[in-house]
Each structure stands twice: as structure tokens, then as C-alpha cells.
Amino acid sequence: MITIPYLTALTTYFSYGLLFAFGQLRDFFRKFIDWWKASNLQGYAPICLGLEDFYIRRLYLRIQDCFGRPISSPPDAWFDVVERVSNDNNKTLKRTTKVSRCLNLGSYNYLGFAAADEYCTPRVTETLQRYSASTCSTRVEGGSTALHVELEQVVADFVGKPAAMVTGMGYVTNSAILPVLVRHGGLIISDSLNHNSIVNGARGSGATIRVFQHNTPSHLERVLREQIAEGQPRTHRPWKKIIVVVEGIYSMEGELCKLPEIVSICKKYKAYVYLDEAHSIGAVGKTGRGVCELLGVDTADVDIMMGTFTKSFGSCGGYIAGSKELIQYLKYTCPAHLYATSISPPAAQQIISAIKVILGEDGSSRGAQKLAQIRENSNYFRSELQKMGFEVLGDNDSPVMPIMLYNPAKIPAFSRECLKQNVAVVTVAFPATPLLLARARICISAAHSREDMVKALEVISRVGDMVGIKYFPAEPKKPELEEGRKKSE
Amino acid sequence: MNSLKNASDWLTFAYDAPFARAVVFGVPIGGHLFVEGLLLVVILFLLSQKSYKPPKRPLTNKEIDELCDEWTPESLIPPITEEMEKEAPILESAARPHTIINGKEVVNFASANYLGLMGHEKLLESCTSALEKYGVGSCGPRGFYGTIDVHLDCEARIAKFLGTPDSILYSYGLSTMFSAIPAFCKKGDLVIVDEGVHWGIQNGLYLSRSTIVYFKHNNMESLKNTLEKVTQDNKRAKKLRRYIVVEAVYQNSGQLAPLDEIIRLKEKYRFRVFLDESNSFGVLGKSGRGLSEHYKVPIDKVDIVTAAMGHALASEGGFCTGSNRVVDHQRLSSSGYVFSASLPPYLASAAITAIDVIEANPKLLVKLRDNIKALCTGLSGIQGLEIASDMLSPIVFLVLKKSTGSLKSDLQLLQDIADQVLKEHSVFVVPSRRSTLDKCNLPVGIRLFVSAAHTESDLQKAYESLKSVAASVFTGQN
């Protein structure tokens, strides 16, 4: 859990207060100036009222150059970041033709499949020639090719479930599946830090939504008991069904979910478990099969497993895995299957080839190497950062590492300084995280070599000193550390 | 009578009793003050009593345990019925006008490949070079190093083609509408929408929590009356944002929306228009710029235009375009853009090449129009079915002349016709599908997606086989 020191909390509130005050002042002057000029809206209400986009106009635009940086090469371990200039104080940014080669600590490239791969890319090009770039139809019309059927079988086997269904985008998978499974009269209990796609899917379903404290199985049990005893709001009729939605790795905290406890509680109270493994499939577990393998949970206990292919497989799309009947039913009713274009064939081939590499079916041991590499990399990086005195969140073995920044002024400072020294990091602030808890998020990949990580650590340490985010005391550098590192190499 | 007189005498006596006339602290106290004092004491006593509330008894742990044991949830899914077990036909090659199903070559009318750009060599070339340069996925959302220069180029190209200032790319066609609508319509806003819109729009409207009013499908009279009524009811319309949502070519019926009429109404009543051009981009208009070019309406009169690129452009994903304000707002408030990974770069480069090809070959559009006309003329006079779509729509929609009464049996009948056509005549057509979540009530039918790459013989085969199968199926009924 994050415990923010009092002084830092005070200074953060003060900074936000100052920014807010200045923003209001500028808005006041803007209103004054606009009063003189005639408005060209002619009776239409403005598209964004007053305070709705206050945050965007007055706070976000100041640091806009830290977000949305375009790149001009594949998002591999090292990539080219395009430089942008602004002539009007960061309101609009224009691309230049200059690029700088930076170390990539921001892309979701856990197993290193982002760039052209020696096994996958020839097969993908061949599929492109055979099936062309898109099927232009939905799965129930002309969009089911032999490739899609193979893909679903391969995914089901990999995840450990009898059957699977694949859609073209991970976000839509959540938004279109939850409304089909639960309607009005059902209950969805979701973790408080769940992703926006789950929140949207839950809202779109019409079911009642309750939230339990992040990763706290005891609170989940309390909520379940209360809700079953009370029944539906106002009518007190018993619930039709209860679905508990959790994620494998939470992308903003880097924590693993406490799956064994949650599954046992759900079994006891007869609730269904929906596991979203967007970040954990392929990245954790001995053979890359995700959180269930890592924590020793039987896949038959989790009713619905969902995941995406964007992170570890270097492709796009999402999947749902479950029992044969479940998948048959979903294929009959789910809007993502009936109305949306099927997944692009080259992307499907990339997933199949990536899974083959991970399982070692391509005849080499690259898959096992990649899995071992990412585990080693994440543990090494995390322990080194913690030794330097940074406040790093997340569990061991998770490739996502947020470093706390807190103060809004440190966000652009950290980001820009790192970029100057050719390290590209991702900084996240409100509204993706709570207001006070801004952070920089590092995503380690199997493509990072030991030298890359040493350089990254050096740069982050230097910038951290400059910006002042080493909130914990650093461990003194011991001489055995050097020898220890030499021994492991 | 006597007792009453006695009582009143007694009362008067008590009233005039000497102690009643005592003078305390110089204030003469009359007997009435004594009564008032007593009244006051009684009132205070009653107020101080606690009102009767039934005691609160929260459930004990044992009771909760019992309730939890008793409760049985419904099963996760309803029991599987026969129609759920049916699987779609599996293609063994690209979904071009001629494709292979089960080893046999069939004529394909089920892919929305309107201009025949699927498998075009220029597209394949640009995709291959993009794959070799960028790999397959983009590994990140647009805000966190997922913006590749091809995305920015694609957005600029689309904006240039349509004549708008800017555009924004989404990574999936279905998510375009259901992310764009909640970004602009919030709780309390007013949206007038056609009742035949597809699920993506319905879901977006539901998520936006605005006030939704439906008007009859493609009926301008109904739209005008609804606008009139709604403006009358909501006088405080200054801060209220009002929208009309229509599709250019409706997926559920093949009708065209009369844009010039809609623009006239919109300007009169001060509404903003959301137009979904998925099936008309690259199809309508002299150079393929869509419905606004077809009706000769300047594009800046339509406030927000969205389209899916999985149809005429033979790519995947979607885009949204409009004024600068509209596009910039979506970059931070549209959930499907901010919280989702960006479009794979090879699909973006395919879209750019597709637009280049469309601009260079306007005769593809002419060929498509001729094909549609030929098919419609060929299908006229078919038994039991009639053409419900517009003459210009690339989706030819055949509905049953006489419905069997229930949606399920209609779908079953149409599915039988489609299966028979595929098996006996090797022509692949599909009936429209309805999800259980879909609120649209329009009649279902058989859809044929016409492509510019279909030849005369393909079209002839299609309408002849449909006519013969329909004759055999419906003579049985008649």
C-alpha cells in the first residue's frame, strides 16, 4: 500500500492549489476577453461547458509534450522518438524530422515480440498474401477463416480451458461480454482499481455494481455476505447471479491479484469469477500461462478468463476462454462477434506463431529463454531501484514497476530530463491515478539486455536526485554487490 | 343539570380562590396562569418521551450464514438450444469475390469489400513493408509511445481526403461510435436518434446517460415532429447540448439518410449532427467522399462524422473527423482512444494506400453503382422476398414479404434459404443477425454486399440462384 509522507502530501496539495488558482485567473481573463469578441456559436450550447475541460486546458496542456510522443520505429528495446516543437506555448505540437534513439521503458513489450521476429514475421507475411489484410466481414458472415478457428484452438490450449473466442480488440471484449453475461437483476463486484474497459462494460450491462477494496479478500467477503443477505436494492429479492471481476496484474500498481483467496471465497458464496489477464498472460508463470500458473490456481475454478494479445504477443485483439457451452452461447449473442469485423489475419498469425515460440514448438528454446529473461530482468530492476531509495510499487515477478512522483511539477521534470538523456519513460497523472499519487511507470521487456538496464538505472538515479523523488533512504553501496553481480553473469 | 351546575360552581370557586390571587414579585397571578403552567408541564413531559420506534435488529452472523447457504444463483448461461450450436461457414482463402468454402469455390456476397480493394497489390505491398519495418502490434496506447508516425500520416490523409481540419483514428470499427458518443453527450443532454441504428451507437447512447428520444426509421416527418415537441418541452435549452444521430447507410435496412433535409432541420432547431458513414465512405458521392458529397452539402455542416474502415477501405479500425475542437476533445476524453492500444501500423498504412487508390481510380465507384443496379434489377420479381434497401446502397437487403410472425422463425427461414443457396448454387449470402442486446426492431432479411470486383456472371449467378431457391421455398408455403 502507498503511504504518502505528510510533507509530500502538503506540498502536492499546495502545488495543485496554485495551478488551480492560476487556471481560474486565466479563465476569468479569457471570459473577459471573449465578452468583447462576438461568439460564433449562434445559439448552440458550447461543446464543452466550463469546468469539464478545465483540467485539460489549464493543467494538461502545460505538460502535453510528455504524452503522446510519436515514434518512427518499432517499439523494441531501443526506438526512435520523433521530436516535436511548439510555437504557441505547448498548445499545439508539430512534428519535426529529427529523431533521437532512446531506450524504451514504456511500451508493453514483455516478451520482445514487438519488432520483426525471425520466426513470426515470415509467417505473417505469408498469411498476408494468402488472406489479405482484413476480412471486411463479421465472424458470423464471411469473416471466419480456417486461421481464426486454429487461433481459437491454440489460445484455448495455451490458457488451459476447453474453448476460447477471439475478438479484434481487447477493450471491446470487456465492454461487449459483461452485458451479455449479467443483465438487470445481477450483481457485479469489481476491484476498486479495475481498468476502464471493465467499468464501461459493467455500466453498459445494467446490473448493480459494488466495489471492494483493492486486493483485499476480507473486504470482498464482507461485501458478498452483506449483498447476498440484503438482496436487490429496494425490492430485496435475491440476486440472479453475482460476478466478481478482478485483474491478473494491475497496470498502475504492478501488483499481482490475490487469486487463491478470492477464488476460495467465491466458491464458498457461489459467485462467478471473471479474471482479466491483460498484462499477465504470457509474462508471468513458468511457461507463461499467466497468473493462474504463477499462483497455483486451477483454471477450472476460474469461470471466465479474459485477456489481450497486445502486451506479450506483440499483436492486437482480445480473447475469452471458458467452458464449451459458455463460448457457444457467447458466439450466439455477443455483439463483438456478430457485428464487428473479425480480427485481421496477419495479427492472428502473429499470435499463433508467438504462442508456438513461447511453448517451444518452433524447435528452439527461445520461448523459455524469453520467459526466464523477463523474470530475471524485472526482479533485478526492481531490487536495484529499491536499493537506490525510490518508492517502487508492485510484487516480485511482475514486469510493471511504478515509481512514485506525487508532486505535479515532478512529472514533466522527470519525463523531460530522462528524454534528454535518451531514456523514454511513461509518466501517469490524474485522471488515470488518484490526484495525489502521480507516478512514472516502467515496463521491463525480455528484449532489454543487462547493459540497457544498467544504463537505465544510472540515468534514473541521476534524474531522481535532480528531481528529488528518492523518498526512502538509499541502502549504502556494499562491495559484495559488485562481486554478486559478476557471479550471476 | 344539577351536577353540571355544581361542577361549574366548583370551578368558579377554585378559580376565584384566594391563593389564585396571590401576588408574587409584584405580578398578579390569575388562576388562568396556573392552568397554563400545568399545560406547559404536560407538553414538556410528552415531548421528552421517546417516540415509538421499532427496535433496529441487524442480522446476526448466523442468519447471514443461513441466507448465504440458501441462496442459489442462476447458471451463468441459459441452456444451449439448437440454433446456438450452428457454426458459421469457414473460409479457406481470402474473403474476395471468389472464395473457397469446404473445398468448393463459391461466389462471395458476404464481405463488405465494396470497392474490391482486398488483395489489391498496392495494399499488400504497403502492408508488407509496414510489417517488416514496424512489426505487427503497436504495444501501447496512443498516449504512451503507441503513436507511430503512420498513425499521424493516416489521420492527416483522411482529413485531407474529406476536407476537414483533422481526424482521429480508433483501433476498432465498433468502438468508434461507442467511445465518441459518451465523450460529447453527458447526463442531461438531449439526443434524437433513428430507431434503426446499430448496436455500437445504442451502447454508446446508453453509456452516455443522456435523454434519448427515438424517431421512426428514416422518416423525416417523424423527425420534424420530434424536434418540434422536444424544443417546446425544453425551453431552458441554452446550456443543453442537443444532437441528432443518424447513419448514412443503415446497416439494418440499407436505407439512405436524406442529409439535406436533416441539415435543414438541424439549422432550424439548432442541433448538432452525428453521422456514421461506415457503409457510405468510399461508396457514395462522385469521388467517394460519402453522403455529404452525394447530397452536395459542405462537410463542415455535419458536426461529427465517424466511419469504420473495415468496409470500403479493406482495412480495420475506425476514424472520427470534424472541427479541431471536436477532434482534440476526443484525444483525452474518449475512453476507447485513451485506454486502449492503438491501431496496428500496417493497417494504418493499408488505409492510406486505399485512399490513394480511391482517389486515383474514381471509376471503381461507377462500377460499383452499375453492379448494384444490375443486381437489383435481376432480383426484382423474386418470390416471397422484396428489396427493402435504397437503389444506391451497397448492401442489398431482402426482407420477407410476409413475416412468419416471430423473429426466431423468420431468422430460421432466412437461414434455410441462405444455406440452400450455398449448398446447391455455391453463392454465399447471409441473413442479418440480431444479438439479444440489440434494441432495434426493424425486420430481418438476407443481405448481399455488392463489390466493384464482382463480374456480370457473378451477379447473374446470384440473382438466378436466389430466385430459384426462393421459388422452391415459398411455393411450399403458398
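Residue numbers begin at 1 in each chain, while the letters A, B, ... track the order of the sequences.
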Identify which part of [X] has an atom lying under 4.5 Å from any heavy atom of chain B, answering side chain, backbone, both or neither.
{"X": "A:Ala424", "value": "both"}
{"X": "A:Val82", "value": "neither"}
{"X": "A:Ala114", "value": "both"}
{"X": "A:Val425", "value": "backbone"}
{"X": "A:Gln350", "value": "side chain"}
{"X": "A:Thr341", "value": "both"}
{"X": "A:Leu147", "value": "neither"}
{"X": "A:Asp76", "value": "neither"}

Mind ranking [options] by heavy-atom pairs under 4.5 Å with chain A and telling me who comes out on top?
{"options": "B:Thr436, B:Ile80, B:Leu174", "result": "B:Ile80"}
{"options": "B:Ala110, B:Ala88, B:Pro79", "result": "B:Ala110"}
{"options": "B:Ala95, B:Ala112, B:Pro182, B:Ser179", "result": "B:Ala112"}

Q) What pairs with A:Glu221 under salt bridge (Lys or Arg N to Asp or Glu O under 4.0 Å), at least two apart in sequence or on another chain? A)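 With neighbours one apart ignored, the set is A:Lys268.
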
**Q.** Sidechain N-carboxylate O distance under 4.0 Å for B:Arg272, B:Asp189
**A.**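 B:Asp189 and B:Arg272: not salt-bridged.
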
Using non-hydrogen atoms only, which part of [X] is less than 4.5 Å away from chain A: side chain, backbone, both, or neither?
{"X": "B:Phe428", "result": "side chain"}
{"X": "B:Arg433", "result": "both"}
{"X": "B:Asp69", "result": "backbone"}
{"X": "B:Ile148", "result": "both"}
{"X": "B:Leu332", "result": "side chain"}
{"X": "B:Asp65", "result": "both"}
{"X": "B:Phe109", "result": "neither"}

Q | A:Arg183, CZ: over 12 other non-hydrogen atoms inside 6.0 angstrom | A |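 Yes - once you tally the heavy atoms of other residues, nucleotides and ligands closer than 6.0 Å, there are more than 12.
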
Any non-hydrogen side-chain atom of [X] less than 4.5 Å from a side-chain atom of [Y]?
{"X": "B:Val136", "Y": "A:Phe113", "value": "no"}
{"X": "B:Gln202", "Y": "B:Leu205", "value": "no"}
{"X": "A:Arg95", "Y": "B:Asp153", "value": "yes"}
{"X": "B:Leu91", "Y": "A:Tyr131", "value": "no"}

Please identify, among [options], the residue contributing the most non-hydrogen atom pairs under 4.5 Å to chain B.
{"options": "A:Glu230, A:Arg139, A:Glu325, A:His148", "value": "A:Glu325"}
{"options": "A:Lys270, A:Lys311, A:Gln129, A:Gln349", "value": "A:Lys270"}
{"options": "A:His337, A:Lys331, A:His195", "value": "A:His195"}

Q: Starting from the C-alpha separation in whole Å, work towards a yes-or-no answer on side chain to side chain donor-acceptor pair (under 3.5 Å) for B:Tyr346 and A:Ser344.
A: CA-CA 11 Å; B:Tyr346 72 95; A:Ser344 163; 2.7 Å; yes

Q. In chain order, what residues pass the side-chain contact (heavy atoms from CB on, under 4.5 Å) check against A:Ser445, with sequence neighbours excluded?
A.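 A:Ser445 satisfies side-chain contact (heavy atoms from CB on, under 4.5 Å) with A:Asn109, A:Ala447, A:His448 only.
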
**Q.** Distance-only polar pair, side chains of B:Tyr243 and B:Asp303, donor-acceptor under 3.5 Å
**A.**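 The criterion, which ignores hydrogens and geometry beyond distance, is not satisfied for B:Asp303 and B:Tyr243.
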
Q. What do the steps show when you test B:Phe178 against B:Trp199 for side-chain contact (heavy atoms from CB on, under 4.5 Å), and what is the final call?
A. CA-CA 9 Å; B:Phe178 83 59; B:Trp199 179 81; 4.2 Å; yes

